[in-house]
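Single-structure report; data block below.
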Amino acid sequence: MTTTIDTPRPRRFTALDVFRGITVFLMILVNTAGPGSPAYSQLVHAEWIGFTLADAIFPSFLFAMGNAMSFAMRNPLTARPYLARLLRRGSIIFVLGFLMYWFPFVAEGDDGWAPIPFALTRVPGVLQRIALCYVAAGLLVRWLSVRQILMACAALLLGYWAMLLVLSAPGMAYDKFGTIGTQLDLWLLGPGHLYKKDGGFDPEGLLGTLPAIVNVLAGYLAGRAVQRGIDLSRTVWLMAVIGAALIVAGLAWSPWFPIAKKLWTGSYVLLTTGIDCIALAGVIALVEIAGIRRGTRFFLILGRNPLAIYLFSELFITAINLIPAGGDHGLYGWVGIEIFQRVAPGALGSLLCAFAYTMVCWAVGWWMDRKGLVLKA
């Protein structure tokens, strides 16, 4: 059944770009913690089971992507061009993610600089998961009704849970290295193509993409509800109530299916989706209903060009750390230790360093916004 929008609003909500901009801002802040001291615990991902503020950011980006997808569906294309565009965009995002991890394509060894071999380049990753979720969700929302989408969400979460319990070695369903997800990644890709900092476990592994699709579908349904709702205030209130219910459901499920971002468990999906529903409802209430626009441009700059700014944030920090700055530190490490840790020792200095770098990325976004440059896959 083809999903169509009967009475779409003629404009795109500013609140969506603000929500996405906040997500990008926090994503860069968490990813670039200043060296020299551990960051605040809420800005560091939970090591395994558990939840921090940092764990809420990636699913928020997926939720925002689904929300944007609902607006793009206001004027749906016929099947062939729709599929072509969906696959093209997904492929480009996936390749950009792969190249981002391969960058700078050379590494310094005992014999000087040499090319980084393809065999040692990570295949899964943040953008790669975004790409796979984008394509999968795009297929589902194009041909399924709302009821069928909800059924697909339940099937993805429960099916993933069943696969972990049934296909993992006995008692290893939630073990970082014994779970079937890790075993599948090692079998398909090998350790050389996986995350290098976690001993063979990849937090963006292939199997964990299945439940992550639900975050995108939830964002799509939220955006669809906003467009179809006759009374925006009532829709926002209902979204917040549903968000609270999802949080309770995630916490209630967690004794049997623990909340874990790196495993992307079903309880984690419900918890983060609930948080996103409440957060988006709050942003819509402030920006669209109350009409508060002061300060929104700061986040709009990030929200209008999220792919370009995220790519820049990852590539630029890698590039500047190639510049030697004494000892074993690159330039970013030197700045974090010799400047920010001297000004504010400890976690505060780490946060200030990350904030300063995030503002550099924001400045790039501001320049692109002034020039009308938008990176679209």
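For reference, positions follow the sequence shown, starting with 1.
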Discussion item. Please give me the minimum heavy-atom distance between Ile289 and Ala285, naming the atom from each residue.
Written reply: CB-O, 3.4 Å

Worksheet entry | Side-chain donor/acceptor of Thr235 to backbone N/O of Val226, under 3.5 Å | no

Discussion item. Walk me through whether Phe61 and Tyr310 qualify under ring-ring contact (aromatic ring centres under 6.0 Å, His included).
Written reply: CA-CA 11 Å; Phe61 193 92; Tyr310 174 74; 7.3 Å; no

Worksheet item: When you measure from the centre of the six-membered ring of Tyr82, is the NZ or CZ of Arg142 under 6.0 Å away and within 45° of the axis?
Response: yes

Item to complete: Please state whether the rings of Trp362 and Trp366 are parallel, tilted or perpendicular, taking 30° and 60° as the class boundaries.
Response: parallel

Discussion item. Strictly by ring pair (Phe, Tyr, Trp, His ring centres under 6.0 Å), give each pair with a member in residues 146-170 just once, sequence neighbours left out.
Written reply: Trp161-Trp253, Trp161-Phe257

Worksheet item: Hey, is CH2 on Trp113 packed in by over 12 heavy atoms from elsewhere, all under 6.0 Å?
Response: yes

Worksheet item: Of the non-hydrogen atoms in Tyr134 and Arg89, which two are nearest, and what is the gap between them?
Response: OH-CD, 3.2 Å

Practice prompt. Please name the pair of heavy atoms, one in Leu331 and one in Asn321, separated by the smallest distance, quoted to 0.1 Å.
Written response: N-OD1, 3.8 Å

Practice prompt. Run the salt-bridge test on Glu288 and Arg293 with the 4.0 Å N-O cut-off and return the result as yes or no.
Written response: yes

Worksheet, complete the sentence: Tightest non-hydrogen contact, residues Thr23 and Ser60, listed as OG1-CB, 3.8 Å

Item to complete: Can you establish whether the number of heavy atoms outside Met151 located under 6.0 Å from its atom CE is more than 12?
Response: no

Practice prompt. Locate the shortest heavy-atom distance separating Trp264 from Ala212; write the atom from each residue and the value.
Written response: NE1-CA, 3.3 Å

Worksheet item: Side chains of Tyr174 and Leu165: does their closest heavy-atom pair fall under 4.5 Å?
Response: yes

Worksheet item: For Tyr101 and Tyr195, what are the C-alpha separation, side-chain angles and deciding distance, and is it a ring-ring contact (aromatic ring centres under 6.0 Å, His included)?
Response: CA-CA 10 Å; Tyr101 288 122; Tyr195 190 58; 8.1 Å; no

Worksheet, complete the sentence: All heavy atoms of Ala33 vs all of Ala39, minimum pair found to be CB-CB, 4.0 Å

Worksheet item: For Phe298, does the CZ atom have more than 12 heavy-atom neighbours from other residues, nucleotides or ligands under 6.0 Å away?
Response: yes

Worksheet item: Going by heavy atoms in the side chains, are Asn67 and Phe63 under 4.5 Å from each other?
Response: yes

Worksheet item: Is the shortest heavy-atom distance from the side chain of Val18 to the side chain of Leu300 under 4.5 Å?
Response: yes

Worksheet item: Side chains of Thr272 and Asn215: do they bring a donor and an acceptor to under 3.5 Å?
Response: yes

